[in-house]
2 protein chains.
Amino acid sequence: MENKETFVKKLRSSGLRPTKQRLEICKVLYERDKTFHFTIEELSKILKKKSKKSISLATIYNTVHAFKNKNYLKEISINSNKSYFDTNVSNHHHFFNESTHELIDLKDTDVGVIKIKKKIPGKKIKSVEVLVKISS
Amino acid sequence: MENKETFVKKLRSSGLRPTKQRLEICKVLYERDKTFHFTIEELSKILKKKSKKSISLATIYNTVHAFKNKNYLKEISINSNKSYFDTNVSNHHHFFNESTHELIDLKDTDVGVIKIKKKIPGKKIKSVEVLVKISS
DNA sequence: ACTTACATTATAATGATTCTAAAGTAGTGT
DNA sequence: ACACTACTTTAGAATCATTATAATGTAAGT
């Protein structure tokens, strides 16, 4: 739950101009109580409904990637033809419902500590992600 | 390390006709000491080198999907524009080298037991996969 | 206001994957 | 061996997500 001014500041502070389109997208992504999982297609549909003058698909792609690079969005590793993004950028894991293609957050505390006992010389661990596939 | 007859039997026993193309692909995939991680593109290149009369790309896709459905191949969850497959169909995890896009197996024993403390009513856990992203 | 670098846009291009429908082949029965 | 049928392969077209292009628009500093 944030307001327009907060978005404007955040964008400016990360070197992104607070354009009409970016603020519109911020509203959809971050004016929520829960975290939001989405594909570009889903985001695009929501934006179409919300406003009369729709935002170009290219801009949605650009913005989502800009937000991902600034760590305002996280991309989730799922093999699907589409990319999934998450407004929760903290270290956490996911359920993936194979029937509905829905993602559900697993808090860090929902998953026991994960010990990686193997090391690859000269490589650093960037992230450890658990994907729990479920279906009915 | 298996021979042609073994492949023929395995294919027949799962209702797949042992065609020239499928046997050729079996050789590339399973006549190895270590497990093999690949994309369709990589597999296609290897097959092109191996034999004069190349196998159609559509057949490679068909075969890989048929093998995946019969549980002779596993698809790995990575968000990439391409799909990755693994000849190791057992329950195990992966390192993904973000610099080289290379996959490395983590034996089940290389990762501590993963406890999923959250349950989703009416849903069964189909798999639990850990992806450890690394880079230099 | 003027300028400039950054953004948006419609459209085209790309690239992986899937579809199509025609030609080929394996396996069965004769 | 021969014929039949269902399954396979194939080249090429189609599809779909994503990225590139290049022209137009806009934010923000001077």
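For the numbers below, each heavy atom of this structure counts, side chains included, while hydrogens, waters and symmetry mates do not. Throughout, a chain's letter reflects where its sequence line sits, starting with A, and its residues are numbered from 1.
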State whether a side-chain donor-acceptor pair under 3.5 Å links Ser14(B) with Tyr72(B). yes
In terms of the angle between their ring planes, are Tyr30(B) and Phe67(B) parallel, tilted or perpendicular, with boundaries placed at 30° and 60°? tilted
Round to a whole Å and report the spacing from CD of Gln21(B) to C1' of dA23(C). 13 Å
Of the residues in residues 67-78 of chain A, which ones touch DNA chain D at a heavy-atom distance under 4.0 Å? none
Would you call Lys118(A) and Phe95(B) a side-chain contact if the rule is heavy atoms closer than 4.5 Å? yes
Measure the distance from NZ on Lys53(B) to P on dG24(C) and round it to the nearest whole Å. 11 Å
Over how many whole Å does the gap from Asn79(A) atom CG to dT17(C) atom C1' extend? 14 Å
Value in whole Å for how far the P atom of dT8(C) lies from CG of Leu47(A): 12 Å
Is there a side-chain contact between His93(A) and Val132(A) (heavy atoms, below 4.5 Å)? no
Name the orientation class of the two ring planes belonging to Phe38(A) and Phe36(A) (parallel below 30°, tilted from 30 to 60°, perpendicular beyond 60°). parallel
Side chains of Thr6(A) and Asn3(A): is there a donor and an acceptor less than 3.5 Å apart? yes
Nucleotide dA16(C), atom P - distance to CD1 of Ile60(B) in whole Å: 13 Å
Whole-Å gap separating C1' (dT8(D)) and CD1 (Ile25(B)): 12 Å
Do Ile104(A) and Leu131(A) belong together in a cluster built from hydrophobic side chains that touch within less than 4.5 Å? no
In terms of the angle between their ring planes, are Phe96(B) and His101(B) parallel, tilted or perpendicular, with boundaries placed at 30° and 60°? tilted
In whole Å, what is the span from the NZ atom of Lys45(B) to the C1' atom of dA16(C)? 14 Å
Heavy atoms under 4.0 Å is the rule here; annotate nucleotides 12-30 of chain D 5' to 3' with B where the base is hit, S where only the sugar-phosphate is, and - elsewhere. -----SBBB------BS--
